[in-house]
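Data first, discussion second: the structure below is written as structure tokens.
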Amino acid sequence: MPLHPQFKAMLDQLAANRGPAIADLPVADARAAYRLMRPAAPQIEVAQVEDHRIAGPAGELPVRIYTPHGNAPFPVCVYFHGGGWVIGDLETADAVCRTLCSLARCAVVSVDYRLAPEHHFPAAVEDCYAATCWVAGNAAALGVDPARLAVAGESAGGNLATVVSQIARDRDGPRIVLQVLVYPVIDASFDTPSYRDNADGYLLTRSTMHWFWDNYCPDPAERANPHACPSQAKNLSNLPSALVMTAEFDPLRDEGERYAERLRAAGVCVECIRYDGLIHDFFGLAHVLDAGRPAIERAADALTRAFGG
């Protein structure tokens, strides 16, 4: 399918005003550029937004809690932002979290996990699992139902949602009813057809993914750890149901779809949807480019169904 006109126009504009690639910027500048691309969206209304600092594995861990209109206890989704484990924060995830909170009528807890290169793997994993446990353990105070808890994330955040789901299974909790994996990072081999076909020109590039991995997990031997690369996991049985979303013009397309196939073969209930004509980041840009709107509505519907709504 041809590239969607909205994303073609965006990419044409970026090409006409070409600046340095994310991977060519100092890390602080790359983070600032990503914030400009994905600013907070206070115009998307929810009942309440609160910032908290919770006890994390290495000190205070910032989280942002979005509460929908209605009566507690609410179902809850713990959300992990994208950005290659290097860029991204509570602000860049704000629009998605607000939208999911509003559409799925669930509380959303966004996690500001430690970033690389200051904090290598497994720091982000440890933070995300700790935050998920904190939500389950403090459910009554938060006004949420620990029996209706999901995890979700985009890109590197999808990787973290996958890994948290595996750890929760292996450590007997907390129980997760759904993992929403949006163009997730699953592998670090860079050798799939989608990596070859979409290496350049579609926002996320092969070279940028190399830069992300080199910052996050610089020791290649550590990438054999399934908590870094979920593709390395030997046992995918007894994991939460999954919604996996991929984009046609995305280097990460094939690894996400292959992981969905492995989950299904292991007996996990999986819905895998490829969005033809779209590129990486379509989900996070859905509030400004409505080509991505059906996907975020599908995610909200999947959450609602998993929560028993």
Side-chain angles (χ1 to χ4, degrees), residues 23 27 56-59 61 78-88 111-134 151-174 176 179-192 194-195 204 206-240 242 244 246 251-266 268 270:
V27 168
L61 177 59
V78 186
Y79 192 83
F80 312 124
H81 67 77
W85 312 279
V86 177
I87 59 179
V111 182
D112 201 10
Y113 54 85
R114 286 172 289 167
L115 297 177
E118 297 91 337
H119 306 282
H120 293 149
F121 168 80
V125 171
E126 293 170 348
D127 285 355
C128 291
Y129 180 64
T132 305
C133 292
W134 177 83
V151 294
E154 295 171 72
S155 196
N159 168 285
L160 294 168
T162 301
V163 172
V164 166
S165 297
Q166 293 181 9
I167 295 173
R169 175 200 61 185
D170 297 340
R171 299 182 187 174
D172 297 321
I176 295 168
Q179 47 181 325
V180 179
L181 313 178
V182 184
Y183 31 78
V185 183
I186 300 296
D187 196 33
S189 58
F190 312 103
D191 63 354
T192 60
S194 63
Y195 253 110
L204 179 66
R206 180 181 176 133
S207 62
T208 300
M209 282 305 305
H210 274 285
W211 183 74
F212 284 147
W213 273 110
D214 289 344
N215 277 287
Y216 176 58
C217 194
D219 180 357
E222 282 203 284
R223 299 179 192 179
N225 187 325
H227 292 173
C229 284
S231 62
Q232 299 298 311
K234 305 301 182 192
N235 177 18
L236 299 181
S237 63
N238 300 313
L239 286 169
V244 181
T246 65
L252 305 183
R253 182 194 69 212
D254 292 349
E255 63 199 70
E257 294 176 3
R258 289 178 181 180
Y259 189 70
E261 291 171 5
R262 286 193 62 207
L263 286 172
R264 190 175 289 114
V268 177
V270 179

Distance-only, no hydrogens or angles: does the [X] side chain make a donor-acceptor pair with backbone N or O of [Y] under 3.5 Å?
X: Asp187; Y: Cys229; answer: no
X: Tyr113; Y: His81; answer: yes
X: Glu154; Y: Gly82; answer: no
X: Ser165; Y: Leu239; answer: no
X: Ser231; Y: Ile186; answer: yes

Measure the [atom1]-[atom2] distance between [X] and [Y] for me, rounded to the nearest 0.5 Å.
X: Leu181; Y: Leu252; atom1: CG; atom2: CG; value: 12.5 Å
X: Thr192; Y: Glu257; atom1: OG1; atom2: CD; value: 10.0 Å
X: Arg169; Y: Ile176; atom1: CZ; atom2: CD1; value: 11.0 Å
X: Arg171; Y: Tyr129; atom1: CZ; atom2: OH; value: 5.5 Å
X: Arg262; Y: Asn235; atom1: CZ; atom2: CG; value: 9.0 Å
X: Thr162; Y: His227; atom1: OG1; atom2: NE2; value: 11.5 Å

So do [Y] and [X] actually touch side chain to side chain, heavy atoms under 4.5 Å?
X: Pro240; Y: Gln179; value: yes
X: Val78; Y: Val164; value: no
X: Pro230; Y: Tyr259; value: yes

Point to revise | side-chain contact (heavy atoms from CB on, under 4.5 Å) against Ser207, all qualifying residues, sequence neighbours excluded | key: Thr205
If you look at every heavy atom in [X] and [Y], which pair is closest and at what distance?
X: Val151; Y: Ala161; result: CG2-O, 3.8 Å
X: Asn225; Y: Gln232; result: C-CB, 4.4 Å
X: Pro174; Y: Thr132; result: CG-CG2, 3.8 Å

Revision key, fill the gap. With Glu255 as partner, the option from Asp191, Val185, Thr246 fulfilling side chain to side chain contact (heavy atoms under 4.5 Å, CB included) is Val185
Only distances under 3.5 Å count here; give the side-chain donor-acceptor pairs of residues 210-222 to other protein atoms, sequence neighbours excluded, each with its distance to 0.1 Å.
unit_1: Asp214; atom_1: OD1; unit_2: Arg223; atom_2: NH2; d: 3.0
unit_1: Asn215; atom_1: ND2; unit_2: Trp211; atom_2: O; d: 2.8
unit_1: Asp219; atom_1: OD1; unit_2: Ala221; atom_2: N; d: 3.0

Show me, pair by pair, the donor-acceptor contacts under 3.5 angstrom made by side chains of residues 114-122, not counting sequence neighbours?
unit_1: Arg114; atom_1: NE; unit_2: Asp127; atom_2: OD1; d: 3.2
unit_1: Arg114; atom_1: NE; unit_2: Asp127; atom_2: OD2; d: 3.0
unit_1: Arg114; atom_1: NH2; unit_2: Ala123; atom_2: O; d: 3.4
unit_1: Arg114; atom_1: NH2; unit_2: Glu126; atom_2: OE1; d: 3.4
unit_1: Arg114; atom_1: NH2; unit_2: Asp127; atom_2: OD1; d: 3.0
unit_1: Glu118; atom_1: OE1; unit_2: Arg31; atom_2: NH2; d: 2.8
unit_1: Glu118; atom_1: OE2; unit_2: Arg31; atom_2: NH1; d: 2.9
unit_1: Glu118; atom_1: OE2; unit_2: Arg31; atom_2: NH2; d: 3.4
unit_1: His120; atom_1: NE2; unit_2: Pro117; atom_2: O; d: 3.4

